[in-house]
Each structure stands twice: as C-alpha cells, then as structure tokens.
Asks: 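I have a structure I would like to understand better, so I am pasting it below and will then ask my questions one at a time.
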There are 2 protein chains.
Amino acid sequence: MGKATIRDVSRVTGLSTYTVSRALSGAPGVSADSREQVLAAARQIGYIPNRAAQGLRRGSRDSIAVIVASTANSYYLDLMAGIQQALRHFDWTVIIADVAVDGVYNPRLEDRIVQRLIESRTAGVITTLTLSSENTALLSQWDVPIVFVDSAPPESANFPSVTTDNYNASLMVGDHLAEHGYRDWLFLVYPKRWSTRVDRERGIRDSAATHGAHVEVLESENDEDSAFRTLETYLAQAERIPRVLIAGNNPLLLGALRLLRDRGIRIPADMAVVGYDEFAWASLLDPPLTVLDEDSEAIGRLAGQTLARIINEQAEAAKDGGSQSPVYRVEDRQQVAGRLIVRRSCGCYVDNERPR
Amino acid sequence: MGKATIRDVSRVTGLSTYTVSRALSGAPGVSADSREQVLAAARQIGYIPNRAAQGLRRGSRDSIAVIVASTANSYYLDLMAGIQQALRHFDWTVIIADVAVDGVYNPRLEDRIVQRLIESRTAGVITTLTLSSENTALLSQWDVPIVFVDSAPPESANFPSVTTDNYNASLMVGDHLAEHGYRDWLFLVYPKRWSTRVDRERGIRDSAATHGAHVEVLESENDEDSAFRTLETYLAQAERIPRVLIAGNNPLLLGALRLLRDRGIRIPADMAVVGYDEFAWASLLDPPLTVLDEDSEAIGRLAGQTLARIINEQAEAAKDGGSQSPVYRVEDRQQVAGRLIVRRSCGCYVDNERPR
DNA sequence: ATCAACTACCTAAACGTTTATCATCACATC
DNA sequence: GATGTGATGATAAACGTTTAGGTAGTTGAT
C-alpha cells in the first residue's frame, strides 16, 4: 500500500496512538509486551513515520546545510568527507547547497537558497563563503547557527569559523621561494569574495617584503577558464615572464598549467610553480607539484564538531526554557595550520612524498 | 522574533488564514487589495512559511536524492553538475546521500539512508549504484521513482536508467590497444556491485578475443589504496609485467599510477596505460593520459530530465485520481556514447587535446 | 479499609499549513 | 420584491505526529 500511518498501527494493535508513538520512539511508559506488539504490527503493515509531521509537532530541525559556491573544486570533496565524519553519529541529514549556477557564483541564488533553508527549518549551516549581510542577519534572526569555513565571518556577532592559517601558510610559501633565490613573483588569485584571499595575499606580500622580492598580484575569476585567459593577457603585455607563479587555488592552478604547457614554458626551469591546496594528482603531474596543503578534511571535521556542539547546546537551552538563539564562544574561531608539500615544481629536486 | 506564523499575518491584517494563504501562494479568490496588504504584512513581520507544515498538509514531496557511494571520485562532480542543471528550474531540493563510510560502501548505511528518504517523503531518487533488492522494493512500494545512472537496474520493473554505452566503449579501448600491437592486457577493475563492471569487462574480453590478445582481469576494491595493494600483489607474483594496464575507473587509475611510479615502471615504454573517465588533470600528467571519456555531465542531465518528467507525470496522474505509482517507459533506458581521448600513455605520440 | 505511589494506558489538543464548505455582499435580472 | 450570480472571504476540518493531563488498575504500607 505504502501509506500506513500511526493510526493504522494503533488500529491493528488496539492500542492508542500515544502508546504506539512511545513504543516506536523507545520512550518509557510502555510495557514490554505492548512494545513488542507495536513493533511487530508496524513492521507487518510497513509503517514508516512521516518526518514532516514529526518535525511539525516537535518543532525539530533535522538537517544541516553546507553552502558552497561551485563544487567543481575537488577541495570540497575532502571538506565534505570531514563534515560527514563529524556528523556521522548524529541524526542529521547533511545537504549541500550550491549557490553557483554553471560554476559561477550567483547572489540571487544565494538569497533563494537561504530562504529555502529557513523554510525547511534547517538546524544549522556551514558556509564556505561569506554570505551577504542580509542573509547572515536572516539566519541569525531565525536562530540558525552558522559556522564559516575558509571564509571570514562578519565581525559583528563573533560567529565561529574554521580556517586555514592562511597568513602563516603564505609566509611558508614565500619563504621557500625566497630560499630558491627567486625575486620576481606572480600571485594569481581569485576575487575577495572568497575571503581567504585577504590573508593569503597579505602573507605573500609580507614575505616578499621581508626577502626583498617583488610580487605582482593578478586577479582572476574563480574558475579555470578565467585563470587561463587572465594569465594569457598578462603574459602578452609583460616585458618578461616572472620567475615564479603562485596559484591561489586549484582551479586557477589548472588554468595556469594549461597555459604554460601551451606556451611551452618549462617548469621549473623557466618558471617555478607553487599551488594552494593539495590534490590527488599533484604528485603525478609533470613535474610533481609543490603545494600548500590545507588539510581540508580536518577543517571539515572541526566545523562539523563545532556546529554539532552549538546546535546541541542550543537545544539544551531551549528545553530549559532559555533563549533560542545559539551561543557562540570566542574559542570557536579556529585556525588549522597548513603545511608545505615540497615536490619539484618549485625547483627542488627532492620528492618527499612517500609511497603508501 | 523569528517565528511568525500564518496566523500572525492573519491577525495583523485582520484577514483570515484562508485569505492569507491564498494571497501568499498567488492563488485566485483574493482581491488585489487584500493581497497587497498580506504581502506587506508578511514582509513586515518577517513571515517565512514552514515547509514541514506545508508538506504535511498538501502531501507534497519536495526533494530529490542522489545516492552515491563515496563521493571521492571526482566523476560525481560532473554528474551532479548535470543533474543540477536539469533540475534547476524546478522547485526541488537536491540532496546527496552518500552510502559509503570513510570511502567504503556500507550496506547498513544504504538501508538507513533509504529508510530516511522515505521518512522525508522524497520525491524521487537518482542512484549511481544498484541498490539492494529490498531497498528497491521499498522505494517502489512508497511510489518513489528511481532512475539508475551508470548502474544496472533490476530487470523486474523496467526502471529508467542512463548509462554510458560501456560495452562499445570497451571495444574502442580494446581496438585501440590492439592497433598498437599489444597482446597482453591487464584489466584492473572494481567489484561487480558497480554494475558497469559487467559491460566494461565484456567489451574488453570480446575485443581481446577478436584481436587474439590475452586479458587478465584483476579485481580490487573501489578505492585508491586497494588498487595500489592489489596491483602490488599481482605484480609480485607475475612472471612478467603485462604490456598494457587498463584501469577500470579513476580511483583505481590513481592507485595504479602511484605504484608504477614507485616501481619505476615507465609509461608507455614498459607498460601502456588507459583509464576510464576523463578528468581535469589527465592532460597534464606525465605522460598525458589516454582515457575513455564518459561525458558524465550529459548523463546527469539526462537522468535529471527523466526523473523530473516521471515525477511530474506521477503528480498529474495522482491529481486526476489515478494511480500513485510512477510509470516507466521502455525508452527511458538510455545509453550515452563514450569517446576515446587519445593522448600519450597508450603509446601514441600525438596529443590531440586542443588548448582552449 | 484507606490511601499513596506506581505503572500502563487513553483522550484530546496541539504544531502550521491548505482547502472544502459555507456565508455574505453587491449587483443584476425578472 | 424575490431571486439568481459572482466575487470575496470566513470557519473549521483536515494532514500525521507528539504530548499534557487524566484515568484506571495494581501493589504495598498503614
């Protein structure tokens, strides 16, 4: 049949819906006998509870949303894995909300999605980008906790955040390049909407300053094709090619590598290359790539744990008749250290990746 | 406040909840004046409808689930992009349900997730793996349409499916290898649970038979590490290394390439390599990889379109008092042609990837 | 025998919507 | 003046759960 309700179970067993409900949820106040009966009957008629009704009645919120802009970056896969890991033992459904259409960020879609999340009374949000202030406010108004990952939260409400320590990461990159003696760097980077940009750029600039290197910052849209074209245009008008290319993230790296290959620019002989974000194929490229590894799985795990804790505390407080709004702690602004994986594209001849 | 209900809007405007409801949904039977008032009031007090209540009352189902096993394969990204594209203009929420824990498929999790999908009265399911027959039956019982992508549906109910034409794809691979004169192939492949395995293997075997080549089929679990170890064990006991390695999918390819690099086996001089599934870095590897491209975005698009049509037809039929169960058509078993992208790992010296 | 304290269960009212049914009013028609 | 006809809106009953408040029945102490 396919649509048995709790009342059907009640009818079949001759017990009230109250008893059935308690029996099914494992709550006390039901004899072992009755419980047995209920479970048997439920199985027999194929009863499966209706989540919408449950949610409505208990005012429960049962899903968690991860907001991303264009999942095309494989970095999200690791992030998601971490999040799933942290939330595995809770009973939330994790949903991915992509605010990009055909790979490019779309503010109207962001609005629509946030609206939608509130409509379905989402329990919490993990966002990989700085949401519009309207949307942040809206979510807060509806008491939906937000955790920012690899993106800057608005200063206002000390929102929790988990971020790579991008500034120090950039210093590591810069210092390593300086050790090679390179003094002429090109930093190809995505727009400031992805706020990690700020710290990454600051680190690179500071490091350059320290070592007396010159750094050019070249902004591209956050996708492979834009990176290709931006770099193409830049090289066309540059007097000489920079000694080093630093790619702000994976898609940009990909676009850049394509261009360099087409141009026949040799790595690292003509131009050394360093990327942000480790990825599966990095060690198999020609040459193997030196990258700054973000450990996005750890970031995801941390974000998931933090969000879970906040939601649970919030539920606790609400049960005791306290405030509905989530409580954020100062120590929930967390940074995860990155690490530099040195391979050959920077000019080193070592390959420190161990086989597994 | 953050929890205005339709009754609050009703109170503020002095109109009944009936009128408010109709006004908000844009249904007829409300004067322009009242509608105006309602909208203004709703905005003013920050009313946002409660999806659970709506769903409960109208019995509507508003999300679509994509079931995958371990998203770690980047092929899913393209697939998802295609699905999202097809469903963009409908009002469903697309959720990803991963039935793998830490990257390995978990049958208990599959059960739990299907249960969950029914609890939340999911509108439809796209699955990338052949679900257990219990779960397929369960979903059918609850009238949830299922579309299988790159996986074999059970023969029973002529479920719709969208698949690469794996048999012909494998013939293409085999034929190309034969042209090179290779006669000793190793096919490294994932378990039969991912049912594309069957056609892929059949194609390879048939092609080998046609060309008088010998093919060894080596089964590994569906992840990088297993592939590495399986191949390692195989090579340890093999008399000589095969002339060709065909990797059944991306994670296996990755594991295999790692091993070959560690062993110092040169590609294609010692061993030619061909993979299934195109991916962004394929052309940048050393050597650039010859792969069979699946066009998973097209597959996703097709699957999304098909599912949308079926759900809508189902809703239509239900409205006219007809049957609730989805109607599947024979022509919804669709195949998408693959194409061989020839680069260098197979032994060819051309690189036919055009720069963009 | 009375009362208290359980246990096991029931009845009925919620939760926030949509909608079937009914009511009212204005106007036109005869 | 009686009647019909649309338009607009109100009332109340659903949808499938959970749960507050209550009622029996049993047991044990007094």
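Scope of the values below: all heavy atoms of this structure, side chains included, with no hydrogens, waters or symmetry mates. Worth saying up front: this structure is predicted, and the values here are computed from it rather than measured. Letters A, B, ... are given to chains in the order of the sequence lines, protein chains preceding strands, and every chain is numbered from 1.
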Asks: Are the side chain of A/Thr13 and the backbone of A/Val9 linked by a donor-acceptor contact shorter than 3.5 Å?
Replies: yes
Asks: With the threshold set at under 4.0 Å for non-hydrogen atoms, list the residues of residues 14-34 of chain A touching DNA chain D in residue-number order.
Replies: A/Thr17, A/Tyr18, A/Ser21
Asks: Please state how far atom CZ in B/Arg7 lies from atom P in D/dA10, giving the value in whole angstrom units.
Replies: 14 Å
Asks: Rounding to an integer number of Å, can you tell me how far A/Asp62 CG sits from D/dT18 P?
Replies: 13 Å
Asks: Salt bridge or not between B/Asp91 and B/Arg61? Use side-chain N to carboxylate O under 4.0 Å.
Replies: no
Asks: Parallel, tilted or perpendicular: which one describes the rings of A/Phe159 and A/Tyr328, with boundaries at 30° and 60°?
Replies: tilted
Asks: Rounded off to whole Å, could you give me the CZ-to-P distance for the B/Arg11 and D/dA10 pair?
Replies: 14 Å
Asks: In this structure, are over 12 heavy atoms from other groups packed under 6.0 Å from A/Arg112 atom CZ?
Replies: no
Asks: Hey, does the side chain of A/Gln314 reach the backbone of A/Gln324 with a donor-acceptor pair shorter than 3.5 angstrom?
Replies: yes
Asks: Check whether any side-chain nitrogen or oxygen of A/Arg58 sits under 4.0 Å from OP1 or OP2 of D/dT18, and answer yes or no.
Replies: yes
Asks: State whether the distance check finds a donor on one side and an acceptor on the other, under 3.5 Å, for side chain B/Arg57 versus base C/dT18.
Replies: yes
Asks: Quick one: A/Asn50 CG to C/dC15 P, roughly how many Å, whole number?
Replies: 18 Å
Asks: Grab the CD-C1' distance between B/Gln37 and D/dG9 for me, whole Å please.
Replies: 13 Å
Asks: Grab the CD1-P distance between B/Ile45 and C/dG16 for me, whole Å please.
Replies: 13 Å
Asks: Taking A/Trp92's backbone N and O only, do any of them form a donor-acceptor pair with A/Ser63's side chain (distance below 3.5 Å, no angle check)?
Replies: no
Asks: In this structure, how many angstroms lie between the P atom of C/dT17 and the CD1 atom of B/Ile48, rounded?
Replies: 11 Å
Asks: Would you say B/Gln54 places a side-chain N or O within less than 4.0 Å of OP1 or OP2 belonging to C/dG16?
Replies: no
Asks: Can you measure B/Lys3 atom NZ to C/dT17 atom P for me and round it to whole angstrom units?
Replies: 12 Å
Asks: Counting N and O atoms only, with roles assigned by atom type, does the side chain of B/Arg193 sit under 3.5 Å from a partner on the main chain of B/Leu129, one being a donor and the other an acceptor?
Replies: no
